[in-house]
Amino acid sequence: MRKAVQVSPTDKMITVLIYVLFSLFACVCVYPFYSIIINTISANDISARGDVVFYPRNIHFQNYLDVFKIPGLGNAALISLGRTVIGTLLTVGASAFLGFMFSQEDMWGRRFWYRFTVITMFFNAGIIPWYLTMRSLHLTNNFLAYILPTIVAPFFIILVKTFVESTPKELQQAASIDGAGTMMIFFRIILPISKPILATVAIFTAVDQWNSFQDTLLLVTDSKLYTLQFILYNYINQASSLSTMVNLQNAGSTAIASLATEQTTTSIRMTVTIIVVAPILLIYPIFQRFFVKGIMIGAVKG
Amino acid sequence: MRIREYSTKGISFRKFLYILPFMLLLAVFAYYPLYGWVYAFFDYSPPIPLSKSPFVGLQWFRSLIENQVKIDQLLQVIKNTFGMSGLGLLFSWLPMIFAIFLNEMKAVRFRKFVQTVTTLPNFISWVLVYSLAFSMFSSEGIVNGLLKQLGLSDSPILFLQNSDHVWITMWLWTIWKTLGWSAILYIAAITGIDDSLYEAAHVDGATRMQVIWNVILPSMLPTYFVLLMLQIASFLNNGLEQYFVFQNAFNKENIQVLDLYVYNLAMGGGSYSVSVAISMLKSLISVVLLFSVNGFSKLLRGESIV
């Protein structure tokens, strides 16, 4: 048992200071999210006056219905969802398989190919050479550009390899004696036991895919392939024309324009922001417990 | 007997064939872009294809320093890169301190809450960070609204257009986004400290600060060292996204780091070849930096970091 330490006045002051500083920083981290959420569900005219600071006022949800009247937003949501789901499945599958294969000591050229893979974490040609070569491969304005480059992810391969190597060798040996081939061992033994680490990989990949912005910026000019992140960036810069458009549409259909639900530049931008950040906020509590484990395994050198 | 047979079985070429498709993907998306460096040696301007562009040798590299205007521009970009990366290095110990003092809070639930909440910003994109920043700090933003209501200022303060403290504000946004996340490695390191060390310190009558100074801090220095070396290795790689989303006509001069400058040159100005030339120099210097810190680490700790 630890003995109770004598509490000196300096100690007390330090304690108070620590609590105050951390509380402040926690507020600074949360408040931007909170303030935008309460502003999007408050009456838009009150919100525009800057009167919504600590709690929502005259709650309504019209903003969330209205933003989907902006052409392209629904499509962008589908593209973002599509790249997240497909990209995550493929990256997790490839990381699991390659992590397992690189643990196979009898593979031809194992050492070389492992280095060939890992070394790519430490250099890159630069964004413009990357852009130029992607263009020469016809990967501009192509959905595949969101998926293919991320399939082989060295960091995740290291994670899985480290994990597989920490499991008892006898499992694989026993299966091999029973006549199971490499693929059978992978699907029947490695995949089921690697679930915890694969969950970590899946979550990180999904967040990366959802947040990805640079590839759209460089490679996509076709608005059908815009992602939510990209469309949000555009909205920040041109939300005023959008709010006018939504208001005109509403005026046409209902003929009643209430100040509380009339769209403003700010209301559109904030609402789209919440829609883009919502998936992260929703899954965050679930995946939060995975990442400490994940990063600890990752800290082991590959 | 059969187990030994398994382990001494010869080399399997078939297993290599299984991973071959993935190695090809890697070759295309990680190695082939290096071929893009050839654009630096041609006078390339689209839509004329590279094959029809004239070879110009090192002209673009020379053009970087051919007159004072260009030298000044490049120097400003390098200054920004050094300034912002330098600030990052200067405060690279912050996550460690964050972890140490977080660990000092004995209210477990509150500590968990703080950790959860401060890690969250790491998982949103820079576009979202910019959107939050815009909602808070634009001329119609929440902060200006508050200042007006409190009667502290009549005309809105244009935080985001300010060009005076760009390095510091960019650094602050980076801290806001990454501090909690960066502390996780150190938090894990603290959990790994042997309890007997604490007990010995208590027997010796160590005060709280003495425990932190003599027990906790030394056990975290190896982690700090490795991360510091990696940070130095990526000194020139500030990334594009943060600076791209925050840039505007007013702060452009002070926000352009190498990555953003290269992007603006090519995608904004169409000067692909010059841009590739700078990219190439940057990548080469980064590799040299990486080898240097790795060598330094081997020399100092007898252990390589990559």
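Order of the sequence lines sets the chain letters (A, B, ...), proteins ahead of strands, with each chain counted from 1.
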(message) Between B/L146 and chain A, with a heavy-atom cut-off of 4.5 Å, which part of the residue counts as in contact: side chain, backbone, both or neither?
(response) side chain
(request) Check whether B/V262 gets within reach of chain A through its side chain, its backbone, both or neither, counting any heavy atom under 4.5 Å. (result) both
(request) Using non-hydrogen atoms and a 4.5 Å limit, figure out which bit of A/F230 sits close to chain B: side chain, backbone, both or neither. (result) neither
(request) Against chain A, label B/Y44 side chain, backbone, both or neither, depending on which of its atoms sit under 4.5 Å from a heavy atom there. (result) side chain
(request) Compare all side-chain heavy atoms of A/M101 with those of B/F22 and state whether any distance is below 4.5 angstrom. (result) no
(message) Do B/L26 and A/F116 have side chains that approach each other closer than 4.5 Å (heavy atoms only, starting at C-beta)?
(response) yes
(request) Let me know if B/I142 has heavy atoms under 4.5 Å from chain A in its side chain, its backbone, both or neither. (result) side chain
(request) Name the region of A/I280, side chain, backbone, both or neither, that has any atom closer than 4.5 Å to a heavy atom of chain B. (result) side chain
(request) Please state whether the rings of A/F25 and B/F98 are parallel, tilted or perpendicular, taking 30° and 60° as the class boundaries. (result) perpendicular
(message) Taking the six-membered ring for Trp, are B/F101 and A/F22 closer than 6.0 Å centroid to centroid?
(response) no
(message) Between B/A133 and chain A, with a heavy-atom cut-off of 4.5 Å, which part of the residue counts as in contact: side chain, backbone, both or neither?
(response) neither
(request) Go through the atoms of A/L17 and report whether side chain, backbone, both or neither lie under 4.5 Å from a heavy atom of chain B. (result) neither
(request) Side-chain contact test, heavy atoms from C-beta onward, threshold under 4.5 Å: evaluate it for A/T221 versus A/T140 and give yes or no. (result) no
(message) What part of A/T10 gets within 4.5 angstrom of chain B, counting heavy atoms only: side chain, backbone, both, or neither?
(response) neither
(request) Go through the atoms of B/L284 and report whether side chain, backbone, both or neither lie under 4.5 Å from a heavy atom of chain A. (result) neither
(message) Using heavy-atom distances under 4.5 Å, tell me whether A/I151 contacts chain B through its side chain, its backbone, both, or neither.
(response) side chain
(request) Under 4.5 Å heavy-atom distance to chain A, tell me which part of B/F244 shows up: side chain, backbone, both or neither. (result) both
(request) Please look at A/M134 and chain B and tell me whether the side chain, the backbone, both or neither of the residue comes under 4.5 angstrom of a heavy atom of that chain. (result) side chain
(request) Find the one option among A/M270, A/M121, A/Q214 whose heavy-atom pairs under 4.5 Å with chain B are most numerous. (result) A/Q214
(request) Answer yes or no: does atom CZ of B/F110 have more than 12 heavy-atom neighbours from other residues, nucleotides or ligands under 6.0 Å? (result) yes
(request) Tell me, for B/M136 versus chain A, whether the close heavy atoms (under 4.5 Å) come from the side chain, the backbone, both or neither. (result) side chain
(request) Please look at B/S131 and chain A and tell me whether the side chain, the backbone, both or neither of the residue comes under 4.5 angstrom of a heavy atom of that chain. (result) both
(message) Using heavy-atom distances under 4.5 Å, tell me whether B/Y39 contacts chain A through its side chain, its backbone, both, or neither.
(response) side chain
(request) Would you mind reporting whether B/L227 and B/Y186 have side-chain heavy atoms less than 4.5 Å apart? (result) yes
(message) If you define the side chain from C-beta out and look only at heavy atoms, does anything of B/M23 sit under 4.5 Å from A/T117?
(response) yes
(message) Tell me whether the count of non-hydrogen atoms from other residues, nucleotides or ligands lying under 6.0 Å of OH in B/Y35 goes above 12.
(response) no
(request) Taking the side chain as every heavy atom from C-beta outward, state whether A/V276 and A/W210 have any pair of such atoms under 4.5 Å apart. (result) yes
(request) Heavy-atom distances under 4.5 Å only: say whether A/L21 touches chain B with side chain, backbone, both or neither. (result) neither
(request) Let me know if B/I124 has heavy atoms under 4.5 Å from chain A in its side chain, its backbone, both or neither. (result) both
(message) Report which part of A/N39 has an atom under 4.5 Å of a heavy atom belonging to chain B: side chain, backbone, both, or neither.
(response) side chain
(request) Answer yes or no: is there a side-chain heavy-atom contact under 4.5 Å between A/T182 and B/R14? (result) no
(request) Name the region of B/N237, side chain, backbone, both or neither, that has any atom closer than 4.5 Å to a heavy atom of chain A. (result) neither
(message) If you compare all heavy atoms of A/T15 against all heavy atoms of B/R208, which two are closest, and at what distance to 0.1 Å?
(response) OG1-NH1, 2.8 Å
(message) Given heavy-atom pairs under 4.5 angstrom as the criterion, report whether the side chain, backbone, both or neither of A/V152 touches chain B.
(response) both
(request) Examine A/F123 together with B/Y31 and report whether their ring centres are nearer than 6.0 Å. (result) yes
(message) Between B/W37 and B/L34, is there a side-chain heavy-atom distance shorter than 4.5 Å?
(response) yes
(request) Measure distances from A/V53 to the heavy atoms of chain B and classify the residue's part below 4.5 Å as side chain, backbone, both or neither. (result) side chain
